[in-house]
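The first residue in the sequence is number 1, and the count goes up from there. Worth knowing before you read on, the calculation uses all heavy atoms, side chains too, and leaves out hydrogens, waters and symmetry mates.
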Amino acid sequence: MSGDPHSPKATLRFSDDDLACFSAASHDRNPLHLSAEYARKTAYGRPVVFGILGALVCLGHLTARPDDELTSLVLEFLSPIFPGVAYRIEIRQQTEESASVRLYDGQRAVLRLNVCFRPGSGTRPAQDHETVAPAHTEALDRRAADLVPGSGVSGCYTPDWHQLADLIARWDLADKGLSPMQVAALLWASYLIGMELPGRRALFARLALEWEPQSEAGPLSYRAVVRTLDPRFNLLRLDVALDTPTGAPTAKGELRAFVLPEARGLLDAPFERSERLAGRVALVIGASRGLGARLAQALALQGCTVVANFQRSAAEAEQLQRQLGPEGTDAPGKVVLLQGDGGDAAWCAAARQRVLADYGRLDMLICNASPALVPLWLDPGALERIHDYVARSLALVSTPLAVFLETLSEHDGRVVVLSSAAVTSPPAAWPHYVAAKSAIEGLAAVAAREYPMVHFLVARPPRLQTDLTSTPTEYQAALPPEPVAARIAAWLASPGSAGQIEILQSFT
């Protein structure tokens, strides 16, 4: 992590090493923060920085107050924080009694922190104490049904005291009004949310703690009780309390966390079976998960041979193939897996040769793949990420079109390009997504003129219940992908006029 801790407006970047250091100190091993493979299958597409780590870095940017001690802290996580991104710390207000800090991605606040202090005996240096092994070394995976008001957990917690001393030095936390015991309490909050309650599918939302006068460092006895679980957003509220080794109260407060939605099973809503597409061959770019998997399923159930492209989601692709094979639905058609980068021209050329060698034809191309979508604001700090997103999105459509359109022309072929309703109703913080989908639609319109023997469909679904939108505030209001897949499959099986481009934006 880099940045001047004494500047009222400092810029910093989190590294993978920062995340590893925090995890070692806190025992929080939630895969959303540490596993690129796991995080890639979430809406965020890559690991997310521990929220408490962001708070500690903000606290480290306060001016020194060696004779004060922290009395209360309110921390709000407004948006995920990612490694490698330049963030700006701004100290909004700092007095003898309080301080207010914000962390910004460009003009967007991603973290808010407010703290209060009182005169005290000064903070003590962190010392080595016995580290008690954590209750869990892998994050629990609690379901909403497990989070009943009045239920909870309790136990004993210690950080790794040696690692805690390292992170206090690493992020300049000495003499900032926090005792080692208070830093330990913050690490415990991360451990509790990420490992125990709710655990694996947690996204930390808010922390509010009040401390008693400083005590000697040592094991923390903790209690956490479920107050409510808001079903609209799966927002969990916990009442928590921490005690010293002798049973004296140390801190109490409230923690909030979103419980990220569970992945929906592929066969939640089976499609109709028929032979309408028997003998046809379709290539689906991005077919292992979400809408792409539903499209592969819908086509195979109507007799089509589906070449299902995926880049990294091998387990999901193999599950799709199994579920449509003899031991699954025994579909009239079949799914053949083809791994590779659909945005790479060399891979597409090799895929074309293989499809023609194996089947002698290609009738349908569905361009469904898209990068993970995270909010970005249109400001200078986000330009590089916006440009990268647009370029990657466009490549996942332009490259397959350029390679396969000539082949599709030979068999009265069909192309489906997945766009979005966001093109006509652009939401804030999606400039990259709207720009990419608008460019893709323009590309399809030109391709329809250049290849008049091919039928083109641009589908504009609303937000769907897929990994792309499996965030707390979007998932509940999103549309299941099955109706969208069914409408697209029906268009692929129906007669139409070549050389024209159709827009599909109604899926009910």
Side-chain angles (χ1 to χ4, degrees), residues 19-20 22-55 75-77 80-81 132-160 184-209 220-242 253-265 315 467 470-473 475-476:
L19 273 63
F22 180 86
S23 175
S26 66
H27 310 302
D28 185 350
R29 298 166 185 161
N30 189 293
L32 181 62
H33 309 290
L34 301 176
S35 169
E37 178 66 18
Y38 176 87
R40 186 179 57 79
K41 299 173 185 178
T42 70
Y44 310 109
R46 53 183 169 145
V48 174
V49 174
F50 295 94
I52 296 297
L53 170 56
L75 174 62
E76 296 175 282
F77 305 113
I81 304 167
V132 179
H136 304 282
T137 57
E138 293 187 6
L140 301 180
D141 191 7
R142 298 184 190 272
R143 304 301 195 266
D146 303 325
L147 305 173
V148 179
S151 64
V153 297
S154 61
C156 182
Y157 172 84
T158 64
D160 183 306
L186 294 176
L187 300 188
W188 163 81
S190 186
Y191 169 83
L192 175 73
I193 292 295
M195 299 292 288
E196 286 200 60
L197 195 63
R200 187 178 183 88
R201 290 180 294 114
L203 187 66
F204 214 154
R206 189 176 188 271
L207 167 66
L209 285 179
L220 286 166
S221 297
Y222 65 88
R223 301 177 302 282
V225 178
V226 175
R227 183 195 301 175
T228 60
L229 177 66
D230 187 337
R232 296 171 299 172
F233 310 113
N234 275 358
L235 178 61
L236 176 69
R237 297 189 180 192
L238 303 173
D239 292 322
V240 300
L242 295 166
E254 179 197 67
L255 278 66
R256 300 180 190 177
F258 293 106
V259 185
L260 295 176
E262 298 180 55
R264 301 175 71 251
D467 291 343
S470 60
T471 60
T473 56
Y475 193 85
Q476 297 295 338

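With sequence neighbours excluded, the residues satisfying side chain to side chain donor-acceptor pair (under 3.5 Å) with Asp141 are Arg143, Arg201. Applying the side-chain contact (heavy atoms from CB on, under 4.5 Å) rule to Ser23 yields the partners Arg29, Leu34, Phe50; only residues at least two apart in sequence or on another chain are considered. Under the side chain to side chain donor-acceptor pair (under 3.5 Å) criterion, Glu138 pairs with no residue at all, not counting sequence neighbours. With sequence neighbours excluded, the residues forming a salt bridge (charged side-chain N to carboxylate O under 4.0 Å, His left out) with Arg206 are Glu254, listed by chain and number. In terms of the side-chain contact (heavy atoms from CB on, under 4.5 Å) criterion, residue partners of Thr228 (sequence neighbours excluded) are, by chain and number, Arg237. Here Leu147 pairs with Arg142, Leu197, Pro198, Leu229, Leu236, Val259 under the side-chain contact (heavy atoms from CB on, under 4.5 Å) rule; sequence neighbours left out. For Tyr191, there are no side chain to side chain donor-acceptor pair (under 3.5 Å) partners two or more places apart in sequence or in a different chain.
Leu207 has its side chain out of reach of Ile193: every pair of non-hydrogen atoms, C-beta onward, lies at least 4.5 Å apart.
Expressed to the nearest 0.5 Å, how far CD1 of Ile81 lies from CG of Leu53 amounts to 8.0 Å. Note that CD1 of Ile52 is 10.0 Å distant from CH2 of Trp188, once rounded to the nearest 0.5 Å. Going from atom CG of Asp239 over to atom CZ of Arg223 covers 11.0 Å, rounded to the nearest 0.5 Å. Separation of atoms CG (Leu203) and OG1 (Thr42) is listed at 9.5 Å; rounding is to 0.5 Å. Distance check: Arg200 CZ to Leu140 CG gives 10.5 Å after rounding to the nearest 0.5 Å.
Judged by distance alone, with hydrogens and angles left aside, the side-chain atoms of His33 form no donor-acceptor pair with the main-chain N or O of Pro47 at under 3.5 Å. Not a single donor-acceptor pair under 3.5 Å links the side chain of Asn234 to the backbone N or O of Leu260. Using modelled atom types, no side-chain atom of Ser190 and backbone atom of Leu187 make a donor-acceptor pair closer than 3.5 Å.
The salt bridge (charged side-chain N to carboxylate O under 4.0 Å, His left out) analysis of residues 186-199, with sequence neighbours excluded, yields no pairs.
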- request: Output, in order, the C-alpha distance, side-chain angles, deciding distance and verdict of side chain to side chain contact (heavy atoms under 4.5 Å, CB included) for Leu186 and Leu75.
  value: CA-CA 11 Å; Leu186 294 176; Leu75 174 62; 6.0 Å; no
Would you give me the side-chain donor-acceptor pairs under 3.5 Å for residues 149-157, sequence neighbours excluded?
unit_1	atom_1	unit_2	atom_2	d
Ser151	OG	Val148	N	3.4
Ser151	OG	Val148	O	2.5
Tyr157	OH	Ser26	O	2.9

